[in-house]
Amino acid sequence: QVQLVESGGGLVQAGGSLRLSCDASGRTFSGYCMGWFRQAPGKEREFVAAISRSGISTYYADSVKGRFTISRDNAKNTVYLQMNSLKPEDTAVYSCAAAFIVTVPTTSSRYDYWGQGTQVTVSS
């Protein structure tokens with residue numbers, strides 16, 4: 001069992017930055033691939049970014065590539081999402097997820113555990 005708690009969301013103007021954190025507790029954090037997903041009102045959940053267990057490999061949705069950076073600190077049991085050059089269309093609830101798997105997944109169905117999410121609102 002893994003418990004995930006996100007933080008760092010808030011209201012920011014377009015062009016601004018936020019850093020989301022996801023703190024994990026429970027089983028060995030370094031054994032899990034980690035991902036960030038988001039869901040805007042009236043839309044389906046979508047993949048944002050994912051990172052391998054070691055942190056060496058990262059994957060991004062085309063819509064955030066070059067603006068967002070995912071990273072992890074296995075010593076702190078934390079995964080981060082640095083979001084720069086934010087746009088109004090980035091407004092959503094952002095959730096982190098953990099997958100006990102070797103190959104980094106980019107689809108939500110492959111993830112085993114989810115956090116409650118944190119709201120990010122980008123004003124124009």
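No experiment lies behind these values; they were computed from the predicted model shown.
S54 places a side-chain N or O within donor-acceptor distance of the main-chain N or O of I56, the cut-off being under 3.5 Å. No donor-acceptor distance shorter than 3.5 angstrom exists from the side chain of Q13 to the backbone of S124, with no hydrogens or angles considered. The closest donor-acceptor contact from the side chain of Y94 to the backbone of S7 lies at 3.5 Å or more, if one exists at all. The backbone N or O of V122 sits less than 3.5 Å from a side-chain atom of T91, completing a donor-acceptor pair. One N or O on the side chain of R72 and one on the backbone of S52 form a donor-acceptor pair closer than 3.5 Å. A distance-only check finds no donor-acceptor pair linking the side chain of D73 to the backbone of T78 [under 3.5 Å].
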Exercise for review: Go through the steps to decide whether I51 and V79 satisfy the test side chain to side chain contact (heavy atoms under 4.5 Å, CB included), and finish with yes or no.
Suggested key: CA-CA 9 Å; I51 190 166; V79 63; 4.2 Å; yes

Report the C-alpha separation of Q39 and E46 in whole Å, then their side-chain angles, then the decisive distance to 0.1 Å, and conclude whether the side chain to side chain contact (heavy atoms under 4.5 Å, CB included) test is met. CA-CA 6 Å; Q39 187 167 19; E46 66 173 351; over 6 Å; no

Show, in sequence, the C-alpha distance, side-chain angles and deciding distance for W114 and F37, and conclude whether the ring pair (Phe, Tyr, Trp, His ring centres under 6.0 Å) test is met. CA-CA 10 Å; W114 292 83; F37 290 78; 5.1 Å; yes

*asked:* Under the criterion side chain to side chain contact (heavy atoms under 4.5 Å, CB included), I'd like the reasoning laid out for R38 against S63: C-alpha separation, chi angles, the key distance, then a yes or no.
replied: CA-CA 12 Å; R38 67 186 182 186; S63 59; 3.5 Å; yes

key: Worked verdict on V12 versus T121 for side chain to side chain contact (heavy atoms under 4.5 Å, CB included)   = CA-CA 6 Å; V12 64; T121 303; over 6 Å; no

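Side-chain contact between N84 and F68 is absent, with no heavy-atom pair separated by less than 4.5 Å. Side chains of S123 and P88 form no contact here, defined as non-hydrogen atoms less than 4.5 Å apart. In this structure, the side chains of S17 and Q82 come closer than 4.5 Å at one or more pairs of heavy atoms. In this structure, I70 and Y60 have side chains that are in contact, with non-hydrogen atoms separated by less than 4.5 Å. Using a 4.5 Å heavy-atom cutoff, the side chains of S95 and W36 are not in contact. With a 4.5 Å cut-off on side-chain heavy atoms, L18 and L86 count as touching. Side chains of Q3 and Y113 form no contact here, defined as non-hydrogen atoms less than 4.5 Å apart. Looking only at side-chain heavy atoms (C-beta outward), L81 and V48 come within less than 4.5 Å of each other.
Shown here for A50 and Y111, the closest heavy-atom pair between the two residues is CB-OH, 3.5 Å. Shortest non-hydrogen contact noted between F47 and P105 is CE1-O, 4.3 Å. Considering all non-hydrogen atoms of both residues, A24 and L4 come closest at CB-CD2, 3.6 Å.
For the pair R53 and Y32, the NZ or CZ position fails the cation-pi test of under 6.0 Å to the six-membered ring centre and within 45 degrees of the ring normal.
Under a hydrophobic-cluster definition in which Ile, Leu, Val, Met, Phe, Trp and Tyr are linked whenever side-chain heavy atoms come within less than 4.5 Å, directly or via other members, L20 and V2 are assigned to the same cluster. Cluster membership check: F100 shares its hydrophobic cluster with M34, using side-chain heavy-atom separations under 4.5 Å among Ile, Leu, Val, Met, Phe, Trp and Tyr.
Other residues, nucleotides and ligands place more than 12 heavy atoms under 6.0 Å from the CZ atom of R67. More than 12 non-hydrogen atoms from other residues, nucleotides or ligands lie less than 6.0 angstrom from NZ of K65.
Considering CD of E6 and SG of C96, their distance stands at 4.0 Å, rounded to 0.5 Å.
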